[in-house]
Amino acid sequence: MYSKESLEALRERVNLVEVISSYVPLKKQGASYKGLCPFHDEKTPSFTLNKSDSHYHCFGCGAHGDAIAFLMEHVKMSFVEALEYLSERFHVPLEKVQAEEKGPNKKRLRLALDKAARFYRFFLLHSQEGKEALTYLLGRDIDLGFIERFELGYAPAHGSMVYQLLRAEGFSEEELQQAGLMRVQANGRRRDFFAHRILFPIRDRMGAVIGFSGRKFKEETFGGKYINTPETPLFKKSQTLFGFSYSRSRMARDQVALVVEGQLDALRLIYEGFDYAIAGQGTAFGEDHAKETLRLGVKKVYLAFDGDRAGKEASIKVGDIFQRKGVEVLIVNMGEGSDPDTFLREEGAEAFETLRKNAEDYLSFYYRFLTEGQDVSSPAKKNEIVETIAASVRAWQQPVLVHESLKRLSELADVPREALGSAGSAAPRVSLRRSSALSPSYVDADRVLEMDLLRWLFLFPDPESFPVKVIGKNITSEDFKVPACASLFETYLSLPYQERKQWLSLATHLKKKEEQDILNELLRKKVNKQKVEESVVASIQSLLKR
Ligand code: ZN
């Protein structure tokens with residue numbers, strides 16, 4: 001919960017034109033700005049905002065909202081992420097109401113990492129020692145534009161320069177350790193965590209540096225090819241997707257992702273215009289990574305892993321994670337011994353795009369992989385292969401997908417469809433809607449019902465709108481069972497119309513954390529605005545029926 005004063009200060013400072021123009025090209029026309037609407041397809045601009053206004057409006061599709069709404073809808077930030085983003089961007093610090101002094105101060109850790117990143121970059125570009133690393137990078141077709149865009153750096157071979165620099169700036173040893181920037185040697189000496197390596201910043205989904213991936217470029221350097229920042233309060237390997245902050249907006253817009261193995265692969269792809277590429281973090285791409293991807297609404301995933309056996313096995317494993325969740329998986333085949341970085345450098349972006357367009361569907365890839373070099377005229381062998389694939393297909397959640405996939409498998413393997421069982425032969429299971437997979441595992445029916453009702457109010461703030469009139473006439477706060485919903489309802493209706501339309505303003509009136517959580521969830525769910533009347537009436541009836 002943030003203090004009312006700081007939220008109000010933020011509201012005054014936010015410049016909507018500035019926020020939106022980072023995502024949507026705008027043209028100035030008199031006192032207003034126009035652009036192509038990001039919420040619907042159009043050829044002539046009908047997306048409009050006025051210079052001093054806090055709202056945008058689209059005359060084509062009716063999209064309407066403030067900076068928070070834009071960041072939530074277009075960039076898919078959560079409510080709190082949007083607040084924090086605006087706070088940083090417009091330099092208005094948000095004050096927490098109850099300052100909880102538990103755990104490390106993440107803001108301080110981020111600040112330390114940011115300073116370290118600047119130091120490392122400076123050292124790469126402007127020091128005698130950095131020259132060697134720079135030459136190495138240039139030799140691998142990583143040009144200055146690339147280095148600037150992704151803010152690559154160089155950690156000097158010896159010593160503790162970052163340690164000294166940050167200590168001098170007032171950071172404690174504990175903070176440096178928690179940020180993953182310091183290591184303590186056996187003799188008690190403090191050293192920088194990274195030495196003699198080229199550093200790629202690892203970022204959180206908002207783009208803040210939370211760690212580094214250090215690549216060795218000389219044989220004599222101690223340790224493996226890559227060393228990552230250890231797990232810290234900021235950096236959680238299993239949840240961090242490399243490249244995510246650069247790719248999230250396109251992933252959300254086109255509902256597509258391109259998953260690769262190497263961090264350099266991801267950056268190279270993004271740099272070449274495939275700005276929906278992401279990579280796991282040193283380890284394999286796992287369940288949590290997939291969840292993070294699906295949160296953006298991704299429906300189709302391309303996998304471009306290395307062409308060797310390990311890469312193919314990884315494709316099958318990662319592909320299965322997505323297929324299981326009903327996401328279409330396609331495999332980009334770059335050929336034996338290649339990876340996206342090498343391929344792009346040697347063949348260029350257009351060639352890669354051609355490969356992407358010709359990507360192979362998951363099942364065909366899987367079948368081809370298992371039958372390669374095998375004698376499928378042997379019934380036992382064929383049975384084994386087909387059963388292996390059929391078993392994983394039956395574990396996918398969507399019954400229709402299972403059905404269709406088994407059909408496809410029977411064609412690929414040229415076996416009768418009946419031999420593979422049916423979707424029904426797997427234990428029947430009700431597929432969960434994607435959004436509910438993210439919410440708490442229990443479902444509180446009262447809360448859901450009351451939130452549905454509130455959502456309509458929030459979407460149609462106009463006092464003359466159908467929801468406000470009908471709900472106002474039929475429902476009072478007494479009809480609610482969830483206290484936070486009741487108070488949100490009261491707060492909302494007590495606000496003047498102008499303020500109801502502004503999420504930021506509304507946030508200043510919330511009294512409890514629970515209310516903020518509810519508001520946050522309310523705004524996430526998409527509803528069909530065409531059906532407003534029947535939906536509102538149905539909600540009211542269910543609420544009263546209780
Ligand atoms: Zn529009």
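Counting starts at 1 for both ligands and their atoms, following the listed order. Fair warning: this is a prediction, and the values are worked out from it, not measured in the lab.
Residues Phe305 and Phe285 keep their aromatic ring centres 6.0 Å or farther apart. Aromatic ring centroids of Phe212 and Phe200 lie 6.0 Å or more apart. For Phe458 and Tyr492, the gap between ring centers is short of 6.0 Å.
In this structure, the ring pair (Phe, Tyr, Trp, His ring centres under 6.0 Å) partners of Phe352, at least two apart in sequence or on a different chain, are Phe274.
For the side chain to side chain donor-acceptor pair (under 3.5 Å) with Glu292, the qualifying choice from Gln239, Arg205, Arg248 is Arg205, the only one to do so.
Protein N/O/S atoms found under 2.8 Å from the Zn ion (ligand 1), listed by chain and residue number: Cys37 SG, His40 ND1, Cys58 SG, Cys61 SG.
At a cut-off of 3.5 Å, with distance as the only test, a side-chain donor of Arg408 or Ser364 sits close to an acceptor on the other residue.
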